Structures are given as structure tokens and as C-alpha cells.
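Reminder, nothing fancy here: chain letters follow the sequence lines and each chain counts from 1. Source: prediction; values computed, not measured.
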Amino acid sequence: MSDVRVELHEIAHARAGDKGNRLNVSVIAYGPEVWPILLEQVTEERVHRLFRHRGATKVKRYVLTKLQALNFVIDDVLEGGVNASLNVDTHGKTNSFRVLSLEVTVPEEVLSRLRQARRR
Amino acid sequence: MSNTFLMGCGAGFSGDRVDAPLSVVEAIAASGKPGAIMFETLAERTLALGQEARRTNPEAGYEPLLAELVGPILTTCARHHIPIVGNFGAANPPAAARLIRRLAEEQGLPELRIAVISGDDIRDTIDLDSLEIWEGDAGLAGPSNEIIAANVYLGAAPIAAALSKGAQVVITGRVADPSLALGPLAAHFGWDWSDWDRIAAGTLVGHLLECGAQVTGGYFADPGYKDVPRPETIGFPLAEVAETGEMVITKAAGTGGVVDARTVKEQILYEVHDPAAYLTPDVILDVTDVDVTEIGPDRVLVRGARGRQAPTRLKATVSFPGSWLGEAEISYAGPNALARARLAAETIRKRLDLRGLAVQKRLDLIGALSAFDSEAGDLQAEPMSDLREVRMRLAVSSPDKGAVERSLQEVLALYCCGPAGGGGVRSRLQNRIRTVSYLVPRNAVSPQLIFEPGSAA
């Protein structure tokens with residue numbers, strides 16, 4: 001069985017929320033098979049790297065085992081927040097999909113089963 | 001579940017779909033069960049704008065779409081004993097009450113019992129020097145002089161008290177959003193305010209409902225990955241809540257949208273930081289032990305909310321004037337669109353420099369790169385696809401309104417001075433309202449409950 005490299009978007013969904021200069025992004029496994037991949041590969045450091053250029057000072061990852069979800073809290077990333085930022089997206093809500101663009105390595109079979117399930 | 005209370009939501013923010021409340025109210029009425037409907041229409045900016053509006057017009061300052069939201073459901077709610085609870089009072093709850101009184105009279109509902117909760121507005125009494133800044137805003141400068149609005153987040157107890165006194169409509173200013181659901185639930189079930197796990201459950205109901213369609217298929221569709229049936233008619237949420245605090249999240253039959261484990265999980269974590277400590281005026285909610293189970297089509301059972309004693313201080317948000325924000329855009333399409341848009345951006349940069357416009361600025365190429373980039377354009381170096389339509393956007397900020405206006409004029413001038421084929425210039429100038437949050441001791445806050453004069457005794 002070989003592994004494929006895909007975007008996190010293939011195996012998880014996400015939603016972003018903002019409070020001041022702080023963003024939270026949930027990352028939720030599409031199924032139990034991919035939960036271990038999230039735990040192992042979607043780390044604080046890798047998420048921080050996605051936002052360093054925006055000035056993010058800190059990323060904290062919370063793990064919710066019962067929901068098979070991660071919650072990332074990213075500080076100082078919104079250029080001051082909704083009332084100060086010049087970004088077209090002052091709330092930073094589009095960033096859920098920046099996190100979903102992270103590359104992950106997934107066993108081909110697991111990916112294939114997920115895709116099949118989606119087509120039903 | 002027997003003995004359930006149906007908590008519904010008719011609006012998740014100011015500007016939400018005005019036809020949404022109908023399916024919620026009709027479902028509660030048809031069920032024969034006790035229930036209530038909440039409306040959440042109060043963003044920070046809405047409250048500040050309401051405060052400004054009230055200064056020039058004493059009857060203004062409440063949610064602008066109030067009549068459209070509540071008018072169509074008022075009679076059904078009165079007839080079926082479905083209380084309406086909303087923060088649509090915004091900066092002027094008494095005036096909102098007078099509007100609803102007029103609607104009630106027009107609809108032949110004499111003496112409708114309308115309650116007004118105030119005490120959130122602390123603009124005239126707040127002493128910022130004595131208060132600690134909320135940790136999330138640490139490092140931000142507070143207001144230097146004029147305060148537009150200062151409102152403390154009230155909790156659910158005054159809402160529950162109003163309902164226990166027979167209120168058919170409860171109008172608030174700033175309250176914690178989940179309190180709009182917790183109030184009706186606590187009143188109905190007679191929950192003790194220090195029964196932390198039940199208060200936590202009621203808070204979770206409110207948190208799941210407070211964004212309207214966000215739990216029933218709104219802000220969710222990702223075609224081919226997460227499909228949403230009939231997104232144009234998404235049914236707003238209903239929670240069937242038991243005395244124990246267990247809830248089933250659902251929506252009215254026949255409406256569009258979807259309620260499943262995925263939609264509920266996305267909303268559980270929305271705007272949550274530490275999931276073991278979601279702070280509200282009523283409780284500290286812990287969702288780490290929550291489980292989410294699909295029990296039928298568009299029916300999700302949610303259990304496991306836990307609570308700890310509410311914080312000793314309440315959060316207050318203070319709004320004050322910020323800088324001027326200007327935005328201007330121009331489109332380029334067809335062959336070589338990206339190169340022309342890039343040239344326009346470069347030209348604007350040089351124009352702002354040579355005109356000596358010392359504004360904070362940002363240049364985006366919408367379609368190629370905008371929302372994900374930093375202000376300095378750190379991602380511009382990455383390769384871009386050769387797009388056939390790009391919208392060049394300038395955003396500038398300055399305390400100097402004239403400098404902002406002159407900057408925007410430079411984009412307009414591209415019509416005759418800029419790259420070929422530019423079109424669709426739009427610009428916008430806005431005075432920003434800044435906010436900083438503070439922590440206020442509970443004993444400094446006094447919520448008041450008054451019934452609007454025309455209410456039956």
C-alpha cells in the first residue's frame with residue numbers, strides 16, 4: 001500500500017472564528033481512519049508556518065478526542081483584527097481553507113475509501 | 001424525549017435572512033410543546049453604530065431590520081405562547097419596545113407583555129482607569145478621548161426573570177449570545193443558577209444556535225466534499241432540550257440544509273479557544289467531554305457539556321473612533337490580465353509615494369492573491385497562475401481623511417492613466433470604530449427589568 005500526498009482538505013473540514021487579533025480554526029476528521037493522521041501531521045509548528053508571514057506569535061493546538069477534532073488558536077495573526085486590518089477579509093474567516101491547504105501523507109486505500117464514501 | 005422544550009433561533013447576526021424565523025416558529029407551534037425563539041443581531045459594530053444613530057435621533061439605535069424580523073411571527077408567537085427573546089434592542093431597547101408595541105397594536109394583540117432589560121450600557125459610568133483590559137486585547141491602546149459605546153455582557157438571569165413574569169417579548173441590549181437560549185431554558189425548567197452542568201448545557205444550546213444556519217448547513221457547503229441540500233431555503237435551528245440538559249439539534253421538516261455530526265462539530269468549536277474553558281457571564285463551559293450522535297436524518301443528540309462556576313468579572317466592550325479606511329478596486333480581464341493588474345498595483349505604489357501620501361497601505365490582486373497574504377505582500381514572490389481576470393485592490397488607512405481620499409482618487413485616475421482595459425472601479429470610505437474589552441466586577445453591574453407601559457398587568 002502506498003502513500004499519497006494530498007491537501008488536508010481531502011481528509012478534514014474546518015471552520016474559522018475571530019476574536020480581536022486572535023483566530024481559531026477547528027480541524028475535524030472526515031472519519032475515524034484519518035484521525036490518527038491529523039494527530040500526527042497537523043501540528044502546531046506546521047500551522048504556525050502557514051501564518052508566520054502574517055505576524056502570528058503563537059499557535060496552540062487543543063485535541064478533542066470525542067469529536068475527533070483539533071482546535072488551533074493562533075495569536076496576533078489578523079493585523080489588529082476586524083477594526084484595524086487592511087485585509088479584504090478582516091475577520092480572517094477564509095483562513096480555515098489556508099489550514100486545509102496543508103499537505104498531508106495518506107495511505108492510498110484510506111483516501112480511496114473516503115472518496116468513495118463521499119460519492120454516495 | 002418527553003417534557004422537552006423547543007428552543008429555536010430566528011437570526012444569527014444583523015443582516016441574516018429575514019424569512020428564516022417563520023419555519024422555526026411554525027415548527028414550535030405545530031409541536032404542541034413549550035418553546036421560545038431567540039434572535040441574535042448584535043455585532044460590536046452594530047452596537048456602536050446604534051449608539052451613534054441614537055445621538056442624532058432618540059428613537060433610533062435598535063436593530064434596523066427589527067420590524068421585518070419580528071412582524072411576520074408576532075401573532076403566531078403570541079397565540080401559541082412562544083416567547084420571543086432578542087438582543088435587537090441594541091443601543092436603544094426602550095425604542096425597540098415601542099416599535100414592537102406598535103406592531104402588536106396593528107396586529108390586534110392588545111397589552112402584549114413586552115419586557116426590556118437594560119443595565120448593559122455603562123458608557124456614562126465606566127471608569128476605564130480602574131478596570132483591567134481583557135487578556136485577549138492586552139497591548140492594545142485604549143480610547144484616548146471619546147467613547148462611542150461601552151456595554152457589559154449581561155447573562156441569562158434577567159431574561160429568565162422576565163419570562164417568569166409572563167413576558168411574551170424580551171428585548172435586551174448587549175447580553176452574552178448563549179444567554180438568549182439559556183434564559184428561556186432556565187426559566188422553563190426552573191434550573192438553579194449554580195447547577196453548573198445544567199447551566200453549561202443551556203449555554204451549549206445557545207452556542208450551537210447563536211449563529212443561526214451555521215449549525216444547519218449554513219457556512220458549510222463545500223461542493224463535492226460537503227453538500228448541502230437546497231441552500232437557498234436552509235431551515236434555521238431548533239434544539240429539543242430535556243430537563244437534564246441533553247439536546248437534540250434539528251430543524252423544521254421540509255426545509256433545506258442539513259444537520260449532522262459535521263455541522264454540529266463545526267459550530268461547537270466556532271469562536272472557542274480553550275475548549276475546557278469557554279467563559280460566559282453564566283458559567284465556564286467545558287466541551288471536551290461532549291459527544292455528538294446522529295440519531296436520525298437531521299437530528300443530532302448532543303450530550304456531555306460540563307460547567308464550572310461563572311467568572312467573577314464580566315466582559316465589557318468599549319467602542320471608540322478609529323482611523324479612516326479607504327478601499328478602491330479596478331478589474332482587468334482576458335489575455336495578460338495578471339500582468340496588467342500587477343502593473344496597476346506597481347503604478348499605484350509609486351503614485352502614493354510621489355504624492356507624499358503617508359498612509360498605511362495594502363495592494364492585493366484579488367483572484368491571484370489577497371486574503372492569505374500579509375500586508376507587506378510576503379507571498380507575492382510565490383508563482384501565480386496566469387489568470388484571465390484579476391481585481392486589483394488598494395486599501396489604505398490613516399487618521400487623515402484627506403490623505404485617504406487622495407489615495408483612492410489615484411485608483412480612479414487609472415481609468416485614463418493606467419494599464420489598458422481596466423474597468424469597474426469602485427471605492428469606499430469608512431470611519432472605523434475600534435474596540436477594546438475590559439473586565440468589570442459583577443457587583444458594579446445592575447441589570448434592570450421593566451415592562452413596556454402598554455403591557456398587560
Pairs of heavy atoms under 4.5 Å with chain B: top-ranked of A:Glu10, A:Arg54, A:His53: A:His53

Carboxylate-amine/guanidinium proximity below 4.0 Å for B:Glu327 and B:Arg428: yes

Please look at A:Leu67 and chain B and tell me whether the side chain, the backbone, both or neither of the residue comes under 4.5 angstrom of a heavy atom of that chain. both

So for B:Asp289, is it side chain, backbone, both, or neither that comes closer than 4.5 Å to the heavy atoms of chain A? both

Part of B:Gln360 lying under 4.5 Å from any heavy atom of chain A: both

Between A:Ala84 and chain B, which part of the residue has a heavy atom less than 4.5 Å away: side chain, backbone, both or neither? backbone

At a heavy-atom separation under 4.5 Å, does A:Phe97 approach chain B through its side chain, its backbone, both, or neither? both

Heavy-atom distances under 4.5 Å only: say whether A:Leu86 touches chain B with side chain, backbone, both or neither. both

In terms of heavy-atom pairs under 4.5 Å with chain B, the winner among A:Asn95, A:Ile28, A:Asp75, A:Val82 is A:Ile28

Side chain, backbone, both or neither of A:Thr90 within contact of chain B (heavy atoms, under 4.5 Å): side chain

Relative to chain B, which of A:Asp18, A:Val88, A:Val73, A:Val25 shows the most heavy atom pairs under 4.5 Å? A:Val88

Considering only heavy atoms and a distance below 4.5 Å, find which of A:Leu64, A:Asp89, A:Leu50 pairs most often with chain B. A:Leu64

Answer yes or no: is there a side-chain heavy-atom contact under 4.5 Å between B:Val318 and B:Pro143? yes

Exercise: identify the closest heavy-atom pair between A:His48 and A:Ala56: NE2-O, 2.9 Å

Turns out that what part of B:Leu325 lies under 4.5 Å from chain A's heavy atoms comes down to side chain

Turns out that what part of B:Arg432 lies under 4.5 Å from chain A's heavy atoms comes down to side chain

Presence of salt bridge, A:Glu45 and A:Arg52, under 4.0 angstrom: yes

So does A:Lys66 have more than 12 non-hydrogen atoms from other groups sitting under 6.0 Å from NZ? yes

Evaluate the ring planes of B:His207 and B:Tyr278, with Trp represented by its six-membered ring, and classify them as parallel (under 30°), tilted (30 to 60°) or perpendicular (over 60°). tilted

Look at A:Arg15, A:Lys19, A:Lys60 and state which one has the largest set of heavy-atom pairs under 4.5 Å with chain B. A:Arg15

Which bit of B:Val287 comes within less than 4.5 Å of chain A, counting heavy atoms only: side chain, backbone, both or neither? both

Check whether B:Val436 gets within reach of chain A through its side chain, its backbone, both or neither, counting any heavy atom under 4.5 Å. neither

Does any backbone or side-chain atom of B:Ile268 lie under 4.5 Å from a heavy atom of chain A? Answer side chain, backbone, both or neither. side chain

What part of A:Lys93 gets closer than 4.5 Å to chain B, counting heavy atoms only: side chain, backbone, both or neither? both

Test: A:Arg113 and A:Glu109 ion pair at under 4.0 Å: yes

Chain B contacts, top residue of A:Leu23, A:Thr65, A:Asn21, A:Asn71 (heavy-atom pairs, under 4.5 Å): A:Asn71

Check each atom of B:Arg393 against the heavy atoms of chain A and say whether the ones under 4.5 Å are side chain, backbone, both or neither. side chain

